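Given the structure is predicted, the values throughout are model-derived calculations rather than measurements.
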Amino acid sequence: KAVLRLQKKYHRMILRGVNRNIAVTAIARELACFVWGSRNRTYSIKMLMNRKKSQKKLFFSKTLEFLEHYLPDQVLKSRNTVETYRDALTVFRRYVTDIRHLSIRSFGFEDCTHDFLLSYIEFLKQSGNAETTCNNRLAAIRAYLWYAADSDISLQTVALTASRVPFLKVPKLTREVISEEALKALL
């Protein structure tokens with residue numbers, strides 16, 4: 001892979017009109033640095049790849065983009081809707097930090113499991129929130145996760161898992177209807 005990358009870089013430099021000797025020197029210098037770095041363990045492709053894989057994607061790392069740019073500018077949500085999403089994510093953050101005693105500096109997307117969201121909904125319900133409020137909070141988290149998954153395909157499974165968390169059943173309201181006799185009396 002390194003040889004192909006260096007060849008590609010060399011050909012790009014030549015096509016840009018760089019002197020052949022300068023291009024060869026630049027490629028040789030880069031190769032020498034790579035060999036020196038791998039000998040001294042300061043630069044290793046495997047180390048870089050492992051470091052990249054081990055970096056945890058923090059759950060709240062994309063909230064600013066989501067609330068400030070995506071919702072109002074791309075999906076054209078109203079200011080009140082954006083505030084509702086902001087409130088929902090704030091309540092979720094407080095649940096993570098205050099109730100579950102997890103740090104937002106270590107709470108990642110993969111920590112937002114099906115069971116975690118079920119316990120969050122149960123917490124909301126026990127705190128006296130109506131079913132519709134619980135459902136709105138869950139919908140906001142789902143929307144945020146789908147937004148994150150659109151920008152990073154590795155988060156797709158997290159968004160799919162969240163989409164399988166069921167909404168609470170909302171009791172239907174029965175509305176009183178005026179009888180025909182009462183309506184005639186009013187008219």
Side-chain angles (χ1 to χ4, degrees), residues 1-79 81-90 92-97 100-117 139-165:
K1 286 183 179 180
V3 171
L4 292 176
R5 189 179 65 77
L6 291 174
Q7 285 177 344
K8 194 176 193 182
K9 187 171 187 172
Y10 170 79
H11 289 296
R12 272 186 284 165
M13 290 175 79
I14 295 298
L15 288 174
R16 279 187 305 175
V18 175
N19 183 318
R20 182 183 175 282
N21 291 336
I22 293 174
V24 169
T25 304
I27 299 302
R29 186 179 299 130
E30 188 168 333
L31 183 59
C33 289
F34 174 78
V35 171
W36 179 85
S38 63
R39 274 299 272 158
N40 293 306
R41 297 195 157 257
T42 57
Y43 177 73
S44 167
I45 291 178
K46 285 185 178 179
M47 282 175 41
L48 290 175
M49 296 298 280
N50 288 338
R51 190 179 328 149
K52 196 170 187 178
K53 285 180 186 176
S54 67
Q55 286 179 342
K56 193 172 188 178
K57 295 175 179 113
L58 298 179
F59 185 87
F60 295 100
S61 62
K62 298 179 182 287
T63 53
L64 180 67
E65 299 164 22
F66 177 69
L67 295 169
E68 299 293 326
H69 302 291
Y70 176 73
L71 289 176
D73 299 337
Q74 292 184 7
V75 290
L76 304 175
K77 297 291 184 184
S78 72
R79 189 177 47 210
T81 303
V82 173
E83 284 304 312
T84 301
Y85 279 80
R86 183 183 315 277
D87 291 344
L89 290 170
T90 301
F92 185 65
R93 180 185 51 80
R94 287 184 185 142
Y95 172 75
V96 169
T97 57
R100 297 297 291 265
H101 304 291
L102 299 170
S103 170
I104 60 171
R105 291 191 173 140
S106 64
F107 185 74
F109 282 101
E110 66 276 2
D111 298 324
C112 188
T113 62
H114 185 271
D115 292 333
F116 193 89
L117 289 174
I141 293 170
R142 284 181 178 181
Y144 174 66
L145 288 171
W146 280 117
Y147 165 76
D150 283 344
S151 65
D152 185 350
I153 193 71
S154 67
L155 301 175
Q156 197 82 32
T157 56
V158 178
L160 282 169
T161 300
S163 69
R164 291 188 182 105
V165 175

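- The aromatic ring centroids of Phe59 and Phe92 lie less than 6.0 Å from each other.
- Within the 4.5 Å cutoff, no side-chain heavy atoms of Arg142 are placed close to those of Tyr147.
- Residues Lys57 and Asp152 share a closest heavy-atom pair of CE-OD2, 2.7 Å.
- One distance of note links CZ of Phe109 with CG of Leu155; it measures 5.5 Å at 0.5 Å rounding.
- Taking 4.5 Å as the limit, some side-chain heavy atom of Arg20 sits within range of a side-chain heavy atom of Tyr10.
- To the nearest 0.5 angstrom, Ile104 atom CD1 is 7.0 Å from Thr97 atom OG1.
- For Ser106 against Asp111, the heavy-atom pair with the smallest separation is O-OD2, 3.4 Å.
- In summary, of the residues considered (His11, Arg12, Arg5), a side chain to side chain contact (heavy atoms under 4.5 Å, CB included) with Lys8 occurs for Arg12 alone.
- Annotation: side chain of Tyr95 is not in contact with side chain of Leu102 (no heavy-atom distance under 4.5 Å).
- Between the CD atom of Glu68 and the OG1 atom of Thr63 there is a distance of 9.0 Å, given to the nearest 0.5 Å.
- For the pair Tyr144 and Lys62, the minimum side-chain heavy-atom distance is below 4.5 Å.
- Interatomic distance, CZ of Phe60 versus CZ of Phe107, reported as 6.0 Å (0.5 Å rounding).
- Residue Arg86 holds its CZ atom at 11.5 Å from CZ of Arg79, rounded to the nearest 0.5 Å.
- Heavy atoms only, all atoms of each residue included: Phe66 and Pro72 are closest at O-CD, 4.4 Å.
- The two atoms that bring Ala23 and Met13 nearest to each other are CA-CE, 3.8 Å, heavy atoms only.
- Atom-to-atom distance recorded for Glu110:CD and Thr161:OG1 is 11.5 Å, nearest 0.5 angstrom.
- Closest of all the heavy-atom pairs between Leu145 and Ala162 is CD1-CB, 3.4 Å.
- Shortest non-hydrogen contact noted between Lys77 and Thr81 is CD-CG2, 3.9 Å.
- At least one side-chain heavy atom of Arg100 sits under 4.5 Å from a side-chain heavy atom of Phe116.
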